[in-house]
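I have placed the structure first, in the form of structure tokens, so that the comments after it can refer back to it.
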Amino acid sequence: MKVLVPVKRVLDYNIKARPKADGSGVELTGLKMSMNPFDEIAMEAAIRLKESGQATEIIAVSCGALTCQDTLRTALALGADRAVLVETEVELQPLAVAKLLKALVIREQPGLVICGKQAIDDDSNQTGQMLAALLGWAQATFASRIELGEGSASITREIDGGLETLSIRLPAVITTDLRLNEPRYATLPNIMKAKKKPLESVTPDTLEVDVRPRLTLIKVSEPPARQGGIKVKDVAQLLDKLKNEAKVI
Amino acid sequence: MTILVVAEHDNQHLKAATRHVLAAAQAIGGEVHVLVAGQGCSTVAEAARTLPGVTCVKLAQGEALASAGAENMTDLVLGLAREYTHLLGAASAIGKNWMPRLAAKLDVAQISDIIRVDSPDTFTRPIYAGSIWATVRSVDPIKVITVRTTAFQAVAETGGAARLELVTGMTDSGLSRRTDLRLNILSRPELEAARVVVSGGRGLGSAERYRELLEPLADKLNAALGASRAAVDLGYVPNDYQVGQTGKVVAPDLYIAVGISGAIQHLAGMKTSRVIVAINKDPDAPIFAVADYGLVGDLNQVVPELTAVL
Ligand SMILES: Cc1cc2nc3c(=O)[nH]c(=O)nc-3n(C[C@H](O)[C@H](O)[C@H](O)COP(=O)(O)OP(=O)(O)OC[C@H]3O[C@@H](n4cnc5c(N)ncnc54)[C@H](O)[C@@H]3O)c2cc1C
Ligand SMILES: Nc1ncnc2c1ncn2[C@@H]1O[C@H](COP(=O)(O)O)[C@@H](O)[C@H]1O
């Protein structure tokens with residue numbers, strides 16, 4: 001079974017995002033970019049399936065500018081067998097990404113797509129669900145455990161209030177939550193080897209997908225800053241402040 | 001303009017989240033209907049009928065909807081969607097799961113986690129862990145939206161008298177079936193609804209210490225318990241205690257962060273709380289930058305002391 005893993009290139013999670021001065025977008029020039037952390041978890045899940053003999057091939061896909069090649073090289077170094085870049089300068093929204101992924105799924109016929117639950121830049125949490133919808137497949141979001149069976153999979157999901165386990169029909173789309181696994185790091189020899197692995201480029205046009213945005217960005221802004229308060233010297237003063245100043249207890 | 005609000009419930013109780021989503025619907029304006037979809041949930045529908053300003057409650061019941069699975073919820077709402085200009089749900093584990101699926105089936109964008117209604121087609125939402133707000137306009141004929149409940153003040157529970165309509169003809173896609181459900185038994189208020197939240201991080205050191213120190217404090221304050229990602233990953237508490245960018249968003253009157261450093265991903269889930277208290281031994285911990293009252297000290301001493309004087 002082939003496994004397709006979409007990986008997004010995002011601003012590194014350690015870096016605080018700031019709006020551009022004119023409010024037209026987010027300032028990314030010169031800042032460190034990384035693979036979306038949830039996609040690292042998705043890659044790790046795919047690699048473990050391959051190591052246990054349940055997956056035959058891992059295909060990493062990234063949609064965006066040419067620089068997404070870096071992210072794909074990371075995926076190849078981690079363990080993907082080959083990579084596909086869907087290259088475009090258009091600002092992609094989740095529905096457009098889902099349509100691009102659908103076109104690749106039709107071409108590649110994977111038995112499973114493992115996405116991250118959320119890209120930490122747009123915080124949309126949509127693409128996996130949208131892809132499943134467009135394919136008419138089952139979906140299991142926020143996965144913390146994956147067990148593959150014959151034609152079906154048992155997936156434990158993180159939900160409000162606890163955990164639920166679903167039995168879903170394959171092929172399916174799974175999205176990863178934080179507790180699914182702890183992703184490995186790429187080793188230097190594997191980074192070297194990754195340079196020789198196949199990385200193909202396609203475009204939305206060749207996939208015949210209309211990626212025009214449905215949402216127009218009017219502006220981005222910095223949220224009102226929260227005023228830091230004071231340091232209290234001891235528990236007695238804290239109690240006094242909470243009772244008499246903030247009046248919350 | 002008619003808006004459909006999809007109720008958040010557990011088949012028995014209408015959750016408060018619904019009343020926050022309704023507030024967002026009222027900010028958009030127009031007629032509002034509420035959909036109650038589930039199994040054995042007619043009491044939920046009755047509660048929904050009294051919500052102020054709601055003219056119609058649609059009740060869909062069936063085995064296929066018992067667990068609010070994404071495939072069946074989508075198929076159900078797809079059949080109703082064309083009557084509406086806006087479909088609104090909570091940005092909860094349930095809403096986040098199925099609403100994007102619905103949007104894709106309708107070939108429209110989904111707008112996640114809105115915190116402000118700028119106009120009926122323009123909304124503001126946080127991105128980059130809440131470091132930035134983005135204002136977006138939708139050109140789609142139907143707007144599918146999840147609402148950050150903490151950003152909208154709940155409407156009252158009563159005041160309305162909506163008519164009830166039954167929706168029939170549910171089908172089971174057969175794609176997915178729930179085989180197990182493990183809910184944490186809560187003896188205290190729900191995290192999202194609590195007036196006070198006591199939250200613990202890696203600084204607690206162990207699951208035992210988390211319980212020994214934070215449970216008595218939470219008991220005194222009738223508080224919900226929360227946690228940082230580190231505390232969840234380390235197994236101190238279950239996953240649904242996680243507050244933050246990729247966990248729950250809370251905005252209680254009082255949030256007490258104990259042994260939490262204040263990473264931006266954590267702040268994303270609590271920085272709109274009314275009053276924030278931080279207890280941390282590191283005077284430079286970033287949590288102090290958002291705390292109204294910071295107490296620098298060893299939590300092993302400070303927390304029992306605080307519990308004792310409350
Ligand atoms: C993709 C992604 C998503 C994430 N999502 C979330 C999220 O939703 N929520 C979230 O919380 N995090 C999230 N994180 C993790 C986040 O970046 C931080 O790693 C995490 O919040 C740190 O948890 P912490 O504050 O408990 O631990 P630490 O950062 O290790 O802080 C522990 C604190 O305890 C203090 N301390 C230690 N001992 C004592 C003592 N005896 N007395 C007093 N103080 C003490 C220390 O001074 C320190 O400040 C995410 C990260 C990524 C990459
Ligand atoms: N441009 C992209 N290229 C590849 N994968 C993507 C892209 N955008 C989103 N994804 C995938 O979809 C997941 C959820 O993203 P989002 O819906 O934007 O929060 C990510 O974790 C990725 O797995």
Side-chain angles (χ1 to χ4, degrees), chain A residues 11 13 16-17 19 26 93-95 98 117-118 120-126 129-130 132-134 137-142 144 154 158-169 178-179 214-223 226 228-232 235 238-239 241-242 246 248-249, chain B residues 70-71 74 92-93 96-97 100-101 103-105 108-113 122 126-140 175-184 221 229 238-240 245-246 253-254 264 271 275 277 288-296 302 305-306 309:
Chain A
L11 182 65
Y13 82 96
K16 184 172 162 33
V26 179
Q93 292 173 354
L95 183 61
K117 84 163 176 183
Q118 176 173 346
I120 60 162
D121 52 1
D122 61 38
D123 282 333
S124 291
N125 197 329
Q126 299 176 5
Q129 297 89 314
M130 289 183 150
L134 298 176
W137 288 5
Q139 68 178 60
T141 53
F142 325 150
S144 65
S154 175
E158 297 200 356
I159 58 168
D160 293 342
L163 295 170
E164 84 170 356
T165 304
L166 299 180
S167 169
I168 56 170
R169 209 150 78 196
L178 293 168
R179 260 67 63 178
R214 300 300 187 78
L215 299 178
T216 316
L217 183 66
I218 307 289
K219 64 162 196 245
V220 300
S221 56
E222 217 152 345
R226 194 182 171 101
I230 57 157
K231 293 238 172 79
V232 292
V235 165
L238 176 61
L239 190 69
K241 292 284 183 191
L242 291 177
V248 278
I249 57 173
Chain B
E71 296 82 359
T74 299
S92 63
K96 287 177 190 169
N97 185 37
R101 187 175 178 103
K105 291 270 193 194
V108 301
Q110 196 226 231
I111 310 165
S112 296
D113 221 11
T122 306
I127 55 174
Y128 288 87
S131 304
I132 292 183
W133 285 359
T135 302
V136 294
R137 178 180 301 139
S138 160
V139 295
D140 289 318
L175 290 172
S176 168
R177 174 169 60 84
R178 181 190 273 170
T179 53
D180 193 23
L181 178 64
R182 309 231 153 151
L183 293 181
N184 307 313
L221 292 165
R229 173 190 172 181
N239 58 279
D240 73 317
Q245 178 188 20
T246 59
D253 282 349
L254 175 60
I264 182 154
K271 71 178 174 191
V275 175
V277 170
F288 288 124
V290 300
D292 299 280
Y293 306 113
L295 182 48
V296 179
V302 173
E305 243 188 90
L306 179 61
V309 296

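Reminder, nothing fancy here: chain letters follow the sequence lines and each chain counts from 1.
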**Message:** To check you understand the geometry: which heavy-atom pair defines the closest contact between B:D240 and A:I159, and what is its length?
**Reply:** CB-O, 3.7 Å

**Prompt:** Which value, rounded to the nearest 0.5 Å, describes the distance between A:L215 atom CG and B:I111 atom CD1?
**Reply:** 5.0 Å

**Spacing of CD1 belonging to B:I127 relative to CG belonging to A:D121, to within rounding of 0.5 Å** = 8.0 Å

**Side chain proximity check, B:Q110 to A:M130, heavy atoms < 4.5 angstrom** = yes

**Request:** Take A:I230 and B:Y293, measure what side-chain contact (heavy atoms from CB on, under 4.5 Å) needs, and give me the verdict at the end.
**Result:** CA-CA 5 Å; A:I230 57 157; B:Y293 306 113; 3.8 Å; yes

**Complete:** Pair count under 4.5 Å, heavy atoms only, with chain A: among B:L221, B:V302, B:V290, highest is B:V290

**Pairs of heavy atoms under 4.5 Å with chain A: top-ranked of B:L181, B:T74, B:T179** = B:T179

**Request:** Would you check if the side chain of B:N184 reaches a backbone N or O of A:G161 as a donor-acceptor pair within less than 3.5 Å?
**Result:** yes

**Asked** What residue, out of B:V136, B:L254, B:N239, has the most heavy-atom pairs lying under 4.5 Å from chain A?
**Response** B:N239

**Request:** Under 4.5 Å, counting heavy-atom pairs only, tell me which of A:A140, A:A138, A:S144 racks up the most with chain B.
**Result:** A:A138

**Message:** For the interface with chain B, which of A:R179, A:E222, A:K219 has the highest count of heavy-atom pairs at distances below 4.5 Å?
**Reply:** A:R179

**Message:** Please classify the contact of B:I264 with chain A as side chain, backbone, both or neither, using a heavy-atom distance under 4.5 Å.
**Reply:** side chain

**Message:** With a 4.5 angstrom heavy-atom cut-off, is it the side chain or the backbone of B:S138 that approaches chain A, or both, or neither?
**Reply:** both

**Request:** With sequence neighbours left out, write down each residue that passes salt bridge (charged side-chain N to carboxylate O under 4.0 Å, His left out) with B:R177, or none if nothing qualifies.
**Result:** none

**Asked** Can you say whether A:L239 sits under 4.5 Å from chain B via the side chain, the backbone, both, or neither, judging by heavy atoms?
**Response** side chain

**Message:** Among residues at least two apart in sequence or on other chains, which ones pass side-chain hydrogen bond (donor to acceptor under 3.5 Å, both in side chains) with B:S92?
**Reply:** B:E8

**Message:** I need the B:I132 CD1 to A:D122 CG distance, nearest 0.5 Å.
**Reply:** 12.0 Å

**Asked** Which heavy atom of A:A17 sits nearest a heavy atom of B:S131, and at what distance?
**Response** O-CB, 3.8 Å

**Message:** Within the structure provided, determine whether A:I120 and B:Y128 are in side-chain contact (heavy-atom separation under 4.5 Å).
**Reply:** no

**Name of the residue among A:K231, A:K241, A:R226 meeting salt bridge (charged side-chain N to carboxylate O under 4.0 Å, His left out) with B:D292** = A:R226

**Contact summary for B:K96 and A:F142, nearest pair of heavy atoms** = CB-CZ, 3.9 Å

**Prompt:** What part of A:I218 is in contact with chain B, defined as an atom under 4.5 angstrom from a non-hydrogen atom: side chain, backbone, both or neither?
**Reply:** both

**Asked** When you measure from the side chain of A:D123 to the backbone N and O of B:A129, does any donor-acceptor pair fall under 3.5 Å?
**Response** yes

**Fill in**
Whatever's closer than 4.5 Å to a heavy atom in chain A on B:Q245 counts as both

**Prompt:** Is a side-chain N or O of B:E71 found less than 3.5 angstrom from the main chain of A:Q139, in a donor-acceptor match?
**Reply:** yes

**Request:** Name the region of B:D113, side chain, backbone, both or neither, that has any atom closer than 4.5 Å to a heavy atom of chain A.
**Result:** neither

**Request:** Kindly check if the number of other-residue, nucleotide or ligand heavy atoms within 6.0 Å of CZ (B:R178) is above 12?
**Result:** yes

**Asked** Side chain, backbone, both or neither: which part of B:A291 has a heavy atom under 4.5 Å from chain A?
**Response** backbone

**Prompt:** Do side-chain atoms of B:E305 reach the backbone of A:V235 as a donor and acceptor pair under 3.5 angstrom?
**Reply:** no

**Request:** Any chance you could measure A:L163, atom CG, to B:R182, atom CZ, to the nearest 0.5 Å?
**Result:** 8.5 Å

**Asked** In terms of heavy-atom proximity below 4.5 Å to chain B, should A:A98 be classed as side chain, backbone, both, or neither?
**Response** neither

**Asked** Which residue out of B:V277, B:T246, B:V296, B:V108 racks up the most heavy-atom pairs below 4.5 Å with chain A?
**Response** B:T246

**Request:** Name the region of A:P94, side chain, backbone, both or neither, that has any atom closer than 4.5 Å to a heavy atom of chain B.
**Result:** neither

**Prompt:** For B:A109 and A:L95, which heavy atoms make the closest approach, and how far apart are they?
**Reply:** N-CD2, 4.2 Å

**Prompt:** Can you tell which of A:E158, A:R214, A:K117 has the highest number of heavy-atom pairs within less than 4.5 Å of chain B?
**Reply:** A:R214

**Which atom of A:P223 lies closest to which atom of B:G130, heavy atoms considered** = CG-O, 3.3 Å

**Message:** Once rounded to the nearest 0.5 Å, what's the spacing between atom CG of B:D180 and atom CG of A:L166?
**Reply:** 10.0 Å

**Prompt:** Hey, are A:T141 and B:N97 close enough side-chain-wise for a donor-acceptor pair under 3.5 Å?
**Reply:** yes

**Request:** Kindly say whether A:V248 contributes a backbone atom to a donor-acceptor pair with the side chain of B:D253 at under 3.5 angstrom?
**Result:** no

